[in-house]
Amino acid sequence: MSSINRIPYDWPNRQISRSVTVGDLTWHVQISGKGPVILLLHGTGSSTHSWGELTPLLNQEAQVLSVDLPGHAFTLGASVDSLRLEQIASNLIALIGELKMAWPTIVVGHSAGAPLALAFANLAPTKPQVIIGLNPSLIPPPPSYTQFFGPMLGPVTKSATLASILAKLAPLSGMTDRLLDSTNTNLPETNRNYYRRLFQSPEHVRGAMNFMASANIDQVLKAGSNLSSKLIWVIGESDQWVPEMGLKKIISQYFPKSTVIYWPGGHIMHEVETAKTADLILSELRALKK
């Protein structure tokens, strides 16, 4: 285990943070609670902070594992060529093996974390019993995101210089706030500030762009369609990032037996509706115990 000194002292749930090196990656992970394991996977450009208020609601009944994905926030060592969904899923499996934890019973993925949850389940030796996708990005990157990064989603994403320029411009241009506004989520200022701080990091900007550019969703969907796990998709009625019509088509094509739930709210609604999100996850966990 490595030092966690790189984690800001005011970062959500820092008291449960650990730094774990597996291969080339030095992960920032947060682990708390006892019981069946719930794995939380954030979306593109986010971090463990996205689960900051949710984790204490879950860890009364489960062991909760959240991570900064490779290329994001405080997880170090990811190369720009290693941010494909299957590669990250494989790295997650190696991480859980290093931690000597039980295999997750429930995997929750927000946005791009949802296809990653499928990729993880495809490779895991013990499949999760439930996968919950919150505003799942099961279709190509949203226009709201690509209007900022679209011209750079390609070979140029590998440029550390470009990432540095974007990180320096982010606080001056209001880029991060425009991105957050486009999610149609009424995020508190505290939550917004975590994103602002993340997008001032060139490594985080570069990782987020490459994670999006490397998203091989079709391959993951085809493999995931054969999973026996219970699948639940939660769709925000005001989410403009993941077009509902396209998403419904994908769900009916690949996951016709899955459950679809609609909530009022935008793309990052789980950071606002934390109690509601916890109730959904815990109700599934309790149902498994019956």
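This structure is a prediction, so every number in the text was calculated from the model and none was measured.
- Evaluation of the salt bridge (Lys or Arg N to Asp or Glu O under 4.0 Å) rule for Arg84 yields no partner, not counting sequence neighbours.
- Sequence neighbours left out, the pairs with a member in residues 175-194 that pass ring-ring contact (aromatic ring centres under 6.0 Å, His included) are Trp11-Tyr194, His49-Tyr194.
- Checked by atom type and distance alone, the side chain of Asn59 never pairs as donor or acceptor with a backbone atom of Val64 at under 3.5 Å.
- The side-chain hydrogen bond (donor to acceptor under 3.5 Å, both in side chains) test applied to Thr185 returns Thr183, not counting sequence neighbours.
- The pair Arg286-Asp279 fails the salt-bridge criterion, with no side-chain N (NZ, NE, NH1 or NH2) lying under 4.0 Å from an Asp/Glu carboxylate O.
- For residues 113-128, no pair satisfies side-chain hydrogen bond (donor to acceptor under 3.5 Å, both in side chains), with sequence neighbours left out.
- Each ring-ring contact (aromatic ring centres under 6.0 Å, His included) pair with one or both residues in residues 114-135, not counting sequence neighbours, would appear here, but there are none.
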List, one per line, each side-chain donor-acceptor pair under 3.5 Å for residues 245-254, sequence neighbours excluded.
| unit_1 | atom_1 | unit_2 | atom_2 | d |
| --- | --- | --- | --- | --- |
| Ser252 | OG | Lys248 | O | 3.2 |
| Ser252 | OG | Lys249 | O | 2.9 |

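- Here Glu86 pairs with Asn216, Gln219 under the side-chain hydrogen bond (donor to acceptor under 3.5 Å, both in side chains) rule; sequence neighbours left out.
- Partners of His28 by side-chain hydrogen bond (donor to acceptor under 3.5 Å, both in side chains), not counting sequence neighbours, listed by chain and number: Ser17, Asp68.
- Here salt bridge (charged side-chain N to carboxylate O under 4.0 Å, His left out) pairs that include residues 250-276, with residues two or more places apart or in two chains, number zero.
- Qualifying ring-ring contact (aromatic ring centres under 6.0 Å, His included) partners for His267, counting only residues two or more places apart in sequence or in other chains: His110, Trp241.
- Judged as a side-chain hydrogen bond (donor to acceptor under 3.5 Å, both in side chains), and not counting sequence neighbours, Ser238 has no contacts.
- A side-chain donor-acceptor contact under 3.5 Å links Asn91 to the backbone of Gln87.
- Contacts of Trp51 classified as ring-ring contact (aromatic ring centres under 6.0 Å, His included), with partners at least two apart in sequence or in another chain: His270.
- Under the 3.5 Å distance criterion, the side-chain polar atoms of His72 are matched with a main-chain donor or acceptor of Gly45.
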